[in-house]
Amino acid sequence: MSEPCVDMELEEARVRRGERTPESGPLSEAPRPGWLGLSSGSRLPSAEPSPSPSADGSGLLSLPWEMLARIASHLPAQCVVTVLPKVCHALGDVGKDVTAWQLRAHRLTCTRTSFPVGPRDGFDWPTACLEMEELIACWTGQGERAAREAEQAERQRELERVQERPRDREALAQEEIEEWEVEEIGVRAEGVRELPLDREGEALMEDGERAERKEAAAEALVEEDRDDEQGVLEAIEVEERVGVLPDRDGQDDMGDRGDRAESSRPASPPPALERLSLPSGHIAEVNSVLLVGGEGAVCASGSRDRNVNLWDLREGGSTGKLLHTLGGQGLFSTHSGWVWCLAARGPLLASGSFDSTVRLWDLGAQGAERGLIRARAAVLCLGLPQQDVLLTGTYDKKVSIYDTRVSEPLVKSLRLHSNAVLCLAADEQYIISGSKDRTVVIYDRRAGKTLQKLQLSSYLLSMCYSGSEVWAGDNRGMLHAFSMQAGCFKPLSQFDVGHTSLVTGIHRSPGSLYTCSADRTIKVHLPCAPPRTLCTLHHQAGVSGLSVEAGVLAIASGEISVEVWRVRK
């Protein structure tokens, strides 16, 4: 007869609540090794014991492997990856358990989602969990905080406008009084000099008119006083909404009480992220942005003012420092047309423009110009899948391959679409391109042929190729996920994450997903199916692109500005 199956965790919980003693019931019949003081060689009658990290260990190391994995699952992923291996080899092996990482990822993304969206073979589970935990810690609630800050700023501006009204009316009334007094003095002086003695009736009439004017002025002052009083009432009402009571006559005690109440509240912790604004340096809409140099230290921005700027984000304060405008000095020094796209690999930076050129820059030499590539149409997207290999997608429906090291750089020009090529993604072997003709083409560089051509119901504007997954955003605000494995390109699913217009930028890594749109929003998600949105940031203008590096997010907008979010130090 088989041994009864016992839920060990349920029995332990009953023991802790006092509903069962360790010596009673099935718990005493089926003890767990290492938990009730039994030797590590004891065996359960119903099953073989789980392997232990250390058969001769004591304390924590004497626990079964399953319990160690369960304990480690409640530690931060960073601790499991970096700290436990330094303690001992046995605990370091816990971080190599793929099943434990899968359970952790499942808990982070919630039970109703699927993760990863693409193939699981070769998926980097530890990196994905690390990124997801950092993303949740930094971005959860960030959108609500930003909205509250914007609302408070707007209320403060309204309060200042309301407070200005009484001052403006008081100044205007004072000016009218002064004008009336000057006029009165002038009339009196004129009457003394020019009024004949035989016109006493007319003089009395003029005195009556002056009295009426004086009375009217007095009534006007009374009315202004009423307006002042109403303005003060309005200011008080706004102040109460904002929660700010500045010093006013007769209100000092209220202000003191407010200060005491404010000081008694617990100070809220500062947000995990800080926001930098790069408002100057361009005189037209910024179309593209790219973080380069590692760790988000330098930001490149391309604008419709035809320039590419380099910004140093390592400087302290709320703004970065403008390092260079590439191409020299002057209003239009980088290109002779709109700068539409940027790409970088190592020290090489490429900028593509509506002037049908790609200019190459050496970031290791203070942004010195390294070369010029002349295309035959406006350059709409760029790719640098390898060092010295440049890809362009152009308005004339072509994808071109260049070798940046030679004087005649064009290697091959491919006509893969029937309309403008809007986005590119590539690795050392495959090129994936999206066009306004609503197709996606997969081209094998090594075989020199087109592998697949997919017809979609919308056209793609942004694309990101990471691992075995390709994510893209279309003109309807939808996200598309594809798998790319062994030359097979397969559509997986499409998602509505709340964008209502063109998805102009997308970034996906094993544990993060960022999107931006012309609908004036930036969204941060966990890359599961469907994506779990952690934060939505609202902008004053349409967002035309984004870049993410080492947890730093930079966005380009129609407000002639670049904004950066990074972890607060």
Side-chain angles (χ1 to χ4, degrees), residues 6-13 15-16 22 27 30-44 47-111 115-116 120-140 269-270 272-273 294-296 466-467 509-512 526-528 534 549-552 566-569:
V6 180
D7 190 331
M8 303 302 296
E9 293 186 359
L10 179 60
E11 293 299 327
E12 293 173 18
V15 169
R16 288 193 295 270
L27 187 60
R32 299 175 68 180
W35 192 76
L36 294 176
L38 299 178
S39 65
S40 59
S42 302
R43 290 181 177 269
L44 292 173
E48 292 293 327
S50 299
S52 174
S54 176
D56 299 327
S58 61
L60 182 64
L61 295 182
S62 67
L63 295 176
W65 180 266
E66 293 82 358
M67 292 190 68
L68 280 179
R70 176 71 63 86
I71 293 171
S73 70
H74 293 282
L75 297 174
Q78 187 69 39
C79 177
V80 175
V81 172
T82 61
V83 177
L84 293 188
K86 297 179 180 179
V87 177
C88 66
H89 292 294
L91 292 179
D93 289 340
V94 174
K96 302 176 183 178
D97 188 347
V98 175
T99 303
W101 288 113
Q102 291 175 348
L103 293 174
R104 182 188 291 263
H106 184 68
R107 187 174 69 250
L108 292 172
T109 57
C110 297
T111 57
F115 181 83
R120 293 193 167 201
D121 295 342
F123 186 75
D124 191 347
W125 291 96
T127 298
C129 290
L130 277 169
E131 291 185 351
M132 286 193 289
E133 288 187 2
E134 292 174 358
L135 210 67
I136 291 170
C138 291
W139 287 101
T140 300
L273 298 173
E295 300 300 321
S466 172
S509 66
S512 69
L526 297 184
C528 47
L534 300 176
E549 184 180 65
V552 180
R566 64 184 180 187
V567 176
R568 188 181 299 275
K569 297 181 180 180

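The figures that follow rest on heavy atoms only: side chains count, while hydrogens, waters and symmetry mates do not.
Here Glu133 pairs with Arg104 under the salt bridge (Lys or Arg N to Asp or Glu O under 4.0 Å) rule; sequence neighbours left out. Residues meeting the side chain to side chain contact (heavy atoms under 4.5 Å, CB included) test with Ser73, sequence neighbours left out: Arg70, Arg107. Listed by chain and residue number, Ala550 satisfy the side chain to side chain contact (heavy atoms under 4.5 Å, CB included) test with Glu295 (two or more places apart in sequence, or in another chain). Under the side chain to side chain contact (heavy atoms under 4.5 Å, CB included) criterion, Ile136 pairs with Leu108, Thr140, Leu526, Arg532, Leu534, not counting sequence neighbours. In this structure Glu131 satisfies the side chain to side chain donor-acceptor pair (under 3.5 Å) test together with Ser509, sequence neighbours excluded. Residues passing the salt bridge (Lys or Arg N to Asp or Glu O under 4.0 Å) test with Asp124: none are found, sequence neighbours excluded. Residues passing the side chain to side chain contact (heavy atoms under 4.5 Å, CB included) test with Ala128 are Phe115, Phe123, Pro510, sequence neighbours excluded.
Pairing each heavy atom of Ala77 with each of Leu130, the nearest pair is C-CD2, 3.6 Å. Closest of all the heavy-atom pairs between Thr109 and Met132 is CG2-SD, 3.6 Å.
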Distance-only donor-acceptor pairs under 3.5 Å for side chains of residues 79-97, two or more places apart:
unit_1: Thr82; atom_1: OG1; unit_2: Gln78; atom_2: O; d: 2.6
unit_1: Asp97; atom_1: OD1; unit_2: Thr99; atom_2: N; d: 3.1
unit_1: Asp97; atom_1: OD2; unit_2: Trp65; atom_2: NE1; d: 3.3

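A distance of 11.0 Å separates CG in Leu273 from CZ in Arg566, rounded to the nearest 0.5 Å.
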